[in-house]
Amino acid sequence: MSFIQARGEAGAVADAVVFEDVVKAYGKFHALDGLAFRVREGEMYGLLGPNGAGKTTAIRILAGLQRATSGRVEVLGRKPSDPEVRPLVGYMPQETALYLDLTVRENLDLFGSLYGMSREARAKRIDDLLEFVELTRWADELITKLSGGMKHRASLAAALLPKPRLLVLDEPTVGVDPELRAGFWQRFERMGREGTTILLTTHYMDEARRCARVGLMRRGRLLAEGSPAEIMAAAGVDNLEDAFLRLAGRGAEA
Ligand SMILES: Nc1ncnc2c1ncn2[C@@H]1O[C@H](COP(=O)(O)OP(=O)(O)OP(=O)(O)O)[C@@H](O)[C@H]1O
Ligand SMILES: [Mg+2]
C-alpha cells in the first residue's frame, strides 16, 4: 500500500473536512472501513475510486444524510448534523434529488428557503443561476419534463444557491454536455480562487488533474493521497489514468 502524506503548508490552514478512522457498516459489510482524509479550507480535493469504493457513502455522511458507525467526522469544525453548518455547505447528490411535481424555479425557491435565504435574495440568485446552468427557458417547467443532463444542471444550481463556504459535488458533470461541462469547471475554478472549499468525486481523470489533491479510495479506505503529480510519481507512471489503475484498479493489491 502506498500512502502519500499530505504536505503541511507553512502556517497550517484550518481543515474544512475531517474524516478520521470512519467506519460505515451495513451488517457485516463495511462500506467505509477506516476512511481517513482531510480537506483544507480553500482547497479543491477530488475523491476517486472504482464503483462501490465508498465515495458517495462518505459524501452522504458529511452532508448529514447518514451517520458513520464509528470514527470522527467534522465539517467546518462541527459535526455534520449541526444545524449551524448546513447553510454553509452546498451539496449536489449523485442521484438528482429534486421534487418532480414542482417546476425548476419552485424547486430552487424551496431549496433557497431551506437554506434560510430571504425571498429577495432567492429571486435574484435563482435568476443568475438559471442563466448559468442554461435553464432560464425551462424555469417554469416541471422537473419531469427535463432531460437527465438538465436535471443535473438544476441540481447544481440548487447546490450553488447559498454561495456555500464548502461545496460538495458527487460526480457533478455526469451526463452534462462538453460545452456546459467546461462552463461548470470555469465556475468551480473561479469559486476555488475566491476561497470556496470544493470536495468532489469524479471518474474523469481530466477533472481529477484540476484538483490540488486527490484521494484514491478502494473498499472503503484511502490507498493514496497527494497532488496529481505526487500520485503519478508514487505509481511510477506519467499519467493519472495509469496511476489510478495501478493504485486503485481491480488488479491492484488491496
Ligand atoms: N444502504 C445500503 N445498504 C447496503 N450496502 C450499501 C448501501 N449503500 C451503499 N452500500 C454499499 O456500499 C458500497 C459503497 O457504495 P458507494 O455508493 O459509496 O460507492 P461509490 O464509490 O460512490 O460508487 P460509484 O462510483 O458507483 O458512485 C457499495 O458496495 C454499496 O453496494
Ligand atoms: Mg457514488
Side-chain angles (χ1 to χ4, degrees), residues 3-22 24 32 34-49 53-68 71-94 111 114-117 155-156 158-173 184-185 187-202 207-217 220-222 224-228 230-231:
F3 188 93
I4 306 161
Q5 285 294 342
R7 284 205 191 127
E9 234 77 273
V13 191
D15 291 316
V17 175
V18 175
F19 270 67
E20 235 177 60
D21 205 16
V22 176
K24 175 67 186 177
L32 298 183
L35 179 64
F37 72 101
R38 286 166 184 256
V39 181
R40 299 185 198 116
E41 184 124 39
E43 184 176 42
M44 189 181 291
Y45 188 104
L47 267 185
L48 315 182
K55 304 178 296 295
T56 296
T57 305
I59 286 204
R60 286 177 55 84
I61 288 171
L62 78 86
L65 299 172
Q66 282 185 319
R67 281 171 65 106
R72 189 163 76 95
V73 180
E74 265 184 27
V75 183
L76 301 171
R78 293 166 184 267
K79 285 190 176 152
S81 57
D82 190 322
E84 301 259 324
V85 91
R86 303 292 9 129
L88 306 175
V89 181
Y91 164 56
M92 179 179 175
Q94 182 169 5
F111 280 100
L114 293 176
Y115 279 121
M117 297 167 73
S155 179
L156 175 64
L160 295 177
L161 265 174
K163 297 193 178 163
R165 185 162 143 202
L166 168 65
L167 182 60
V168 182
L169 305 164
D170 198 353
E171 300 195 27
T173 61
F184 277 20
W185 269 95
R187 179 91 169 207
F188 299 156
E189 287 179 334
R190 196 181 82 210
M191 290 177 72
R193 283 194 299 275
E194 289 168 359
T196 310
T197 308
I198 302 180
L199 169 61
L200 62 99
T201 74
T202 182
E207 296 188 344
R209 264 190 292 278
R210 294 169 182 245
C211 296
R213 287 190 305 148
V214 296
L216 248 59
M217 276 184 79
R221 47 170 61 232
L222 218 61
E225 183 184 59
S227 68
E230 287 169 336
I231 294 277

Before giving the answer on side chain to side chain contact (heavy atoms under 4.5 Å, CB included), spell out for M92 and E171 the whole-Å C-alpha distance, their side-chain angles and the decisive distance to 0.1 Å. CA-CA 8 Å; M92 179 179 175; E171 300 195 27; over 6 Å; no
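- Looking only at side-chain heavy atoms (C-beta outward), L167 and L200 stay at 4.5 Å or farther from each other.
- Residues L62 and L199 meet the side-chain proximity criterion, which asks for heavy atoms closer than 4.5 Å.
- Atom CG of L35 and atom NZ of K24 lie 13.5 Å apart (nearest 0.5 Å).
- Smallest separation of non-hydrogen atoms from I231 and V214: CG1-CG2, 3.7 Å.
- Of all heavy-atom pairs between A159 and P162, the closest is O-CD, 3.4 Å.
- Taken to the nearest 0.5 Å, the OG1 atom of T196 stands 13.5 Å off from the CD atom of E43.
- Between E230 atom CD and E225 atom CD the span is 9.0 Å, to the nearest 0.5 Å.
- Judged purely by atom type and a 3.5 angstrom limit, R40 has no side-chain atom pairing as donor or acceptor with the backbone of V17.
- With sequence neighbours excluded, the residues that form a side chain to side chain donor-acceptor pair (under 3.5 Å) with T173 are E207.
- P93 approaches S155 most closely through the heavy-atom pair CD-OG, 3.9 Å.
- The minimum heavy-atom distance between G42 and T197, with the atom names listed, is N-OG1, 2.7 Å.
- Within the model, atoms CG of L222 and CG of L47 stand 7.0 Å from one another, a figure rounded to the nearest 0.5 Å.
- Between T201 and Q94 the shortest side-chain heavy-atom distance does not fall below 4.5 Å.
- Y91 has its side chain within reach of L65: a pair of non-hydrogen atoms, C-beta onward, lies under 4.5 Å apart.
- How far CZ of F37 is from CG of D15: 11.0 Å, rounded to the nearest 0.5 Å.
- The minimum heavy-atom distance between P228 and A208, with the atom names listed, is CG-O, 3.8 Å.
- The CG atom of L156 sits 5.0 Å away from the CZ atom of F188 when rounded to the nearest 0.5 Å.
- Under 4.0 Å is where a charged nitrogen must lie from a carboxylate oxygen, and between E194 and R190 at least one such pair does.
- Summarising the geometry of K79 relative to V85, their closest heavy-atom pair is O-CG1, 3.9 Å, with the distance given to 0.1 Å.
- Taking 4.0 Å as the cut-off between side-chain N and carboxylate O, E41 and R165 count as a salt-bridged pair.
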Working for side chain to side chain contact (heavy atoms under 4.5 Å, CB included), residues L32 and M217: CA-CA 10 Å; L32 298 183; M217 276 184 79; 3.9 Å; yes
